[in-house]
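Here is the structure we will look at, set down as structure tokens.
Order of the sequence lines sets the chain letters (A, B, ...), proteins ahead of strands, with each chain counted from 1. Just so it is clear, the model here is predicted, and its values are computed rather than measured.
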Protein chains: 2
Amino acid sequence: MGISGNLSPEFALLGFLVSGQSHGYDLHQRFTIELGHVWHLSQSQAYAILKRLEQRGDISAHVVEQEKLPARQMLKITAQGRRRFFEWLELGVGANARSIRLEFLTRLYFSQLHRPENIPQIYQSQLDEIEERIESLENLIEHLPPEQTFNRLSLDLRLQQMRLIQNWMAEIRTQFHISKDIG
Amino acid sequence: MGISGNLSPEFALLGFLVSGQSHGYDLHQRFTIELGHVWHLSQSQAYAILKRLEQRGDISAHVVEQEKLPARQMLKITAQGRRRFFEWLELGVGANARSIRLEFLTRLYFSQLHRPENIPQIYQSQLDEIEERIESLENLIEHLPPEQTFNRLSLDLRLQQMRLIQNWMAEIRTQFHISKDIG
DNA sequence: CCTGATATACCCATTGAGTGAGTATATCAG
DNA sequence: CTGATATACTCACTCAATGGGTATATCAGG
């Protein structure tokens, strides 16, 4: 889990349900419109995740018959689901490029929706993780035997990507009006 | 498949077998030493992949009893496996950051081992893909409705990552002495 | 001599990711 | 009346990945 657990399309669906009950089709639609360039989530994948969430007790479902269209599974978030969602919202996402683009942005999206006052804190802890990661990569590269060409190229790219993300985070600071003196 | 099929730890194992027969434990060791900072492949994952490769007929296995240690499965690449491997070696890997760091580097590694003369061609087609991707991202961003904050942030980051990779590719050009006038 | 770390060598169960296709019905434009 | 599009969901399958478990052998330290 944690670092690359790739769990957040799950939490994103949960996050939409925090605003009120809904059903699979609609959740997938909203996801696609709002975060479709962040992740790609297929319809069947969305249904699979929702089923899992139900099995875990994070959401509850009840069938709603419709006059003309097929019946819907109306989905509600449970107390447990709500708790799990807000716990997730405050976790760090780790510091690899992919999970920052995917998970951190998703977290930011739902923080803005449900907990805007927490944004500075979430922002800062993410930035801290990135800076730690940069140091640890610099260290790794320094101690890598010189003949390890391909491992070095890989680590170099990762390091450069982390530095890029550091700058991109500065853009986010501006866009979300986060002041500098937090943490 | 193709773009993000995530298939190359498979081909990497196959690629080690091009140099001669071996067994699971050793292949996993070599993988970890040579490409351990490119991918992380757990031992059990390695065995799972090798089993799949055998089922497909890309490798063949026969048991070798050992005097003291447990028996080994000696693995040999088949004609089919060899063909599949060299086909893969010439394919493009697509243009997302992750698959370039993982798949492209792996391909480069095995090209150097088994087909050094093909490096310029592989390099160039990868670079072309990256440049196409940059254009297509620029286009997407341009036509994105301004209210789509999070989708925009995601696309922005991807674009910047692609530009970074473009520069990183230039470093590779130098390191591998690839001349500029190819393709 | 015994113990514990390390290396060799492999397997299995489970969870999850992800695709592709199928099943229905309703609406609306041409 | 036909075909595209939208609503709404299900199923079967493959692959990814982790975390454990199972053995045996070697070798160093107490």
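Between D:dC9, C:dT19, D:dA17, one nucleotide has an atom nearer to the side chain of B:Q45 than all others, and that is D:dA17. Distances were taken from every side-chain heavy atom of A:R98 (C-beta onward) to each of D:dA17, C:dG18, D:dC11; the shortest belongs to C:dG18.
Across all strands shown, C:dC28 forms a Watson-Crick or G-U wobble pair with D:dG3, both key distances being under 3.5 Å. Across every strand in view, C:dA17 sits in a pair with D:dT14 that passes the Watson-Crick or G-U test at under 3.5 angstrom.
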Give the intermediate values and the outcome of side-chain contact (heavy atoms from CB on, under 4.5 Å) for residues A:F110 and A:V18. CA-CA 10 Å; A:F110 286 106; A:V18 167; over 6 Å; no
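Within the structure, every side-chain polar atom (N or O) of B:R52 is placed at least 4.0 Å from both OP1 and OP2 of D:dT14. Using a 4.0 Å cut-off, some side-chain N or O of B:K51 falls inside it from OP1 or OP2 of C:dC12. A:Y25 has no side-chain polar atom (N or O) that falls below the 4.0 Å cut-off from OP1 or OP2 of D:dC9. Phosphate proximity of C:dT25 to A:R72: absent, as no side-chain N or O sits under 4.0 Å from OP1 or OP2.
Classification of A:R30 and A:D26 as a salt-bridged pair holds, one side-chain N sitting under 4.0 Å from a carboxylate O.
Hydrophobic clustering, with ILVMFWY side chains joined whenever heavy atoms are under 4.5 angstrom apart, groups B:L137 together with B:L144.
Atom pair B:Q29:CD and C:dT8:P shows a separation of 6 Å (rounding to whole Å applied). Note: NE2 (B:H28) to P (D:dA17) measures 13 Å, nearest angstrom. Residue B:I33 contributes atom CD1, which lies 13 Å from atom C1' of C:dA7 at whole-angstrom precision. Atom pair B:I49:CD1 and D:dC15:C1' shows a separation of 10 Å (rounding to whole Å applied). When rounded to the nearest whole Å, the span between CG of B:L50 and C1' of C:dA9 equals 12 Å. Rounded to an integer number of Å, the gap from A:F11 CZ to C:dA17 P is 11 Å. Following rounding to the nearest Å, A:L53 (CG) and C:dT15 (P) show an atom-to-atom distance of 15 Å. For A:E54 and D:dT10, the CD to P distance is 10 Å, given to the nearest whole Å.
Side-chain atoms of A:S44 and base atoms of C:dG18 include no donor and acceptor less than 3.5 Å apart.
A side-chain donor-acceptor contact under 3.5 Å links A:D128 and A:Q124.
Using a 4.0 Å heavy-atom cutoff across all strands shown, B:Q43 reaches at least one base atom of the nucleic acid.
Side-chain contact between B:F104 and B:I172 is present, with heavy atoms from C-beta onward closer than 4.5 Å.
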